[in-house]
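Working notes, beginning with the structure itself.
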Amino acid sequence: MSSREPILVVEGLAKTYRTAAGPVEALRDVSFELARGERLAVVGESGSGKSTLVRALLALVRPDAGRVRLSPRGAGRMLEWSSLAGRELARARRYVQPVFQDPMASLNPRRPVIAAVEEPLVVHGLARGDAARARAIALCAEVGLEPATAARFPHELSLGQAQRACLARALASEPELLVLDEPTSALDVGLQAQIVNLLFASARARELALLFVSHDLDLVGHVAERVLVLERGRIVEAGAVEQVLDAPRHEHTRALVRAWQL
Amino acid sequence: MNARELRTPLLAVRDLAVHFDAPHSASGVARAVDGVGFEVGEGEVLALFGESGSGKSVTARAILGLVERPGRLVAGSIRFAGRELVGLAESDYRRVRGREIALVFQDPAAALNPVLTLGEQLCEAPRAHLGLTAAAARERATALLGELGFDGDSGWLARFPHQLSGGQRQRAALAQALLCEPKLVLADEPTTALDPTLVATVVELLRRRASERGTGVLWITHDLRVARSIASRAVVLYAGRVVETGPLAELSRSPRHPYTRALFDARPSATRRGSPLLAPQGSAGDPSAWPSGCRFHPRCPFADAACAAIEPALARGVACHHPLAEAGR
Ligand SMILES: Nc1ncnc2c1ncn2[C@@H]1O[C@H](COP(=O)(O)OP(=O)(O)OP(=O)(O)O)[C@@H](O)[C@H]1O
Ligand SMILES: Nc1ncnc2c1ncn2[C@@H]1O[C@H](COP(=O)(O)OP(=O)(O)OP(=O)(O)O)[C@@H](O)[C@H]1O
Ligand SMILES: [Mg+2]
Ligand SMILES: [Mg+2]
C-alpha cells in the first residue's frame, strides 16, 4: 500500500439482508484503506457484494457491523462517516459522490438533466443563479454533452447520454472520493475511453480518489493502481493491479481472469 | 452462397427511419434512426455496433412496434418471417411481442416489474403464451435461471427485483425474454452488468439456441470483444445510418470505415496499460442537426471537401468516400 494519507478507512464491515427465503450475507468482515487520489478497483463475481459495499460507503445502507471513516481535506478532520446522520451527513456528502450503473434510476424523470447537474452546486453553496447554470453547462461539455442534449429530460436521452449527465453531476460538488459502480457499462467504448481519461485526469489534478466496481478487467488494468477481489462478501485477494491481474493468487481471481481471456 | 442465404431471412429491415419531435431545436425534428437496413437469418447472430446515441435501441424498439410519441416511424419496412410488421394492428403486434420476437431491454429495471416477485413475472408469459400450468411454468423458469448461472435453490423466484444484485437482475430480464423460446431475440447490451464467467455462460446459451433451434439474434453492443465470440456478421451504425457491414472477423481485422476503426481502437486492450485510451474526439452531435455530407466528417482524420458536401452511399459494405485500405492507412 502507498504511504499517502488515507481518505477512507474501512474496518470490519458486515451486512446481512433478510429475504423470504432466509438471510443473505452480503458482506463479511471487510477492511481496507484508500489513499488520497488513489484509484482502487473492486472486482468479483455477480452477487459477491460489490454494490452492497458501494452502498455502505455511500451511507445508503447501514452496515450491521463495522466502521467507515473519511478524511476529506475540505472538512479538515477525520469524519465518523458511518455514524453521521441528518444535516451533518447531508453536508459531508459533497466529498463522496456516486456514479451508478443505471443512470436512469439516478436522475429525476421530471426535470431536464441540466437541472440535476446544477442542483449540487446550489445545495452545497458553490454557485447560484446564472453562475450555477454556466458552471453546469461547462461540466456537461466536459463529459461530452451538448447543451441541446442537456436540456432534455432523462427519458429523451440514450442510456450513455444519461450516464454522462450523472458523471457531470457527481463532479459538480468537487468531491474528494468518487464511488463508481460499473460506471461505464452503459457507455460505448469511445465514450468509456473519454470518461476514463477524464476521470484519470481529474483524479491526478484534484487528488480525487476513485473506488470503482467493474467487470471489465482491461478497464481495471487501465484505471486502477490497486485491486480488491470479493467472493461471497469477503475480500479474498488484494494487491497492486499487475500482481492481481497478471499473477492472481486466489482461485476466484484466477477463474475471473481465465474467463476474461475467453 | 449457401441455402440459408437464399431463403427468406427471418428479419429484414429496410430503410427504417424513426424521428422524434424536437420542439426546442431549430429543425424541430431529431432523426435518431435515418435509413437503416440489415437482415438476420434463421440461426444467425448479427452484431449491431454503434456509439451511444447512434440509434441502436430505437431500432430495436421499432422492430417490436414500441415507438411512442414524440417518436414516429416515418419510413421503412420491417419484415419478420416474410410478414410486414410496419402498420400491423396493435392487437396483432401483441401476439408477436414476447412470443415470437423478444427484447432483452438494455435497462433491466425497465424490463422487470418492481412490485412483483421474479416467480410472478417470469411465469406469466409461458402460461399465457404456451398454456403451461403454474407448476410447469415454475419448473421451466427455475431451469432457465439455472442455465443462466443462478445456483440451484428455489428461493430466487420469491425475490423482488430490488433484492437482486445488478448482474442477477440482468440475467432475470434475459430469462424473461428467453422463456417462451422466441424465434428472434433482440438482445440490447445483455451482458454489460455480468462478470466474465457469466458473459461466457450467456454467450454459450444464445449460441446454442441459434444453432440448435434456429433462433435469430440481434446482438446490440459496443463491445467488440464479446461480440466476436458470438456473432458472425456485423452492422455498424453512426448517427442513425449504417456506415459499415460485413463478416465480423473481417471487420475487426481490417475495418474499412474510419469510424469503425476508431470504435474498435478505443477498447482498453488496444493500448498499453496506464497510458491514456485512444478516445475518439468530440461526439456525433445532436440528431436534430446532423452534420452535412458524411455525418462522421467533422471527426474524421481523412475528411476532405467531398465528405462535407456529399453523403456517401453504402457500397460493398462501407459508406465512405475514402475507405481504409486492407491493411489500414
Ligand atoms: N423519447 C425520445 N425522445 C427524444 N429523443 C429520443 C427519445 N428516445 C431516444 N431519443 C434519441 O434518439 C437517439 C438514439 O437513441 P438510442 O437510445 O437508440 O441510442 P443507442 O444507440 O441505443 O445508445 P446507447 O449506446 O447509449 O444505448 C438519441 O440521440 C436519443 O437521445
Ligand atoms: N435488498 C436486498 N435484499 C436481499 N438480498 C439482496 C439485496 N441486495 C442485494 N442482495 C443480495 O446480496 C448479494 C450481494 O449483492 P450485491 O448487489 O452487493 O452484489 P454485486 O457484487 O454488486 O453483484 P453484481 O456484479 O451482480 O452487481 C447478492 O446475492 C444479492 O442477491
Ligand atoms: Mg452490483
Ligand atoms: Mg441503447
Side-chain angles (χ1 to χ4, degrees), chain A residues 17 19-22 24 43-52 101-102 104-105 144-146 148-149 151-152 156-161 163-164 181-182 185-197 200-201 215-219 221-223 241-242 255-262, chain B residues 20 22 24-25 50-54 56-58 70 106-110 149 153-156 158-159 163-168 171 189 192-200 222-226 229 262-264 266-269 271 273-280 282-283 285-286 288-289:
Chain A
Y17 296 107
T19 74
V24 180
V43 305
E45 68 180 354
S46 179
S48 57
K50 304 178 297 296
S51 297
T52 303
Q101 188 173 339
D102 179 2
M104 292 302 176
L145 272 189
E146 316 264 321
T149 313
R152 291 199 238 143
E156 298 174 328
L157 300 180
S158 79
L159 217 55
Q161 291 165 332
Q163 188 62 307
R164 280 185 265 183
D181 196 351
E182 302 184 43
S185 55
L187 301 178
D188 65 74
V189 281
L191 200 62
Q192 168 178 293
Q194 286 175 16
I195 285 186
V196 163
N197 290 344
F200 223 95
H215 291 302
D216 184 333
L217 299 187
D218 287 331
L219 188 67
H222 252 281
V223 180
V241 64
E242 301 79 26
L256 289 176
V257 170
R258 215 180 303 120
W260 183 251
Q261 285 151 357
L262 228 49
Chain B
F20 291 91
H24 303 297
S25 71
E51 70 183 353
S52 185
S54 60
K56 305 181 298 294
S57 297
V58 170
Q106 181 174 12
D107 182 2
D153 85 71
S154 57
W156 296 110
R159 297 240 198 141
Q163 297 179 316
L164 299 175
S165 77
Q168 288 162 349
R171 284 176 287 147
E189 306 274 10
T192 48
L194 302 185
D195 68 58
T197 316
L198 288 171
V199 172
H222 28 70
D223 192 343
L224 173 65
R225 219 182 60 84
V226 177
S229 69
L263 185 70
F264 293 166
R267 275 264 353 137
S269 53
T271 50
R273 222 180 245 175
S275 53
L277 297 174
L278 294 168
S283 71
D286 194 82
S288 64

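Letters go in sequence order (proteins before strands), and every chain restarts at 1.
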Most heavy-atom pairs under 4.5 Å with chain A, out of B/Gly53, B/Ala193, B/Gly167, belong to B/Ala193
Distance from B/Thr192 atom OG1 to A/Gln101 atom CD, nearest 0.5 Å?
7.0 Å
For A/Glu45, is it the side chain, the backbone, both, or neither that has a heavy atom closer than 4.5 Å to a heavy atom of chain B?
both
We want to know whether B/Arg171 and A/Ser46 form a side-chain donor-acceptor pair, criterion being a heavy-atom distance below 3.5 angstrom.
yes
Stepwise side chain to side chain contact (heavy atoms under 4.5 Å, CB included) check, B/Asp286 with A/Arg152:
CA-CA 11 Å; B/Asp286 194 82; A/Arg152 291 199 238 143; 2.5 Å; yes
Do you know which of A/Asp216, A/Val223, A/Thr52, A/Val241 has the most heavy-atom pairs under 4.5 Å to chain B?
A/Asp216
Below 4.5 Å from any heavy atom of chain A, which atoms of B/Gln163 appear? Answer side chain, backbone, both or neither.
side chain
Do any N or O atoms from the side chain of B/Arg225 and from the backbone of A/Trp260 form a donor-acceptor pair under 3.5 angstrom?
yes
Side chain, backbone, both or neither: which part of B/Leu198 has a non-hydrogen atom closer than 4.5 Å to chain A?
side chain
Part of A/Thr149 lying under 4.5 Å from any heavy atom of chain B:
both
Are the side chains of A/Arg164 and B/Ser52 in contact, using a 4.5 Å heavy-atom criterion?
yes
Engaged part of B/Thr197 at the chain A interface, taking heavy atoms whose separation is under 4.5 Å
both
Scored by heavy-atom pairs under 4.5 Å with chain B, the best of A/Asn197, A/Val43, A/Leu217 is A/Asn197
Side chain to side chain contact (heavy atoms under 4.5 Å, CB included) assessment of A/Thr19 paired with B/Arg159
CA-CA 7 Å; A/Thr19 74; B/Arg159 297 240 198 141; 4.0 Å; yes
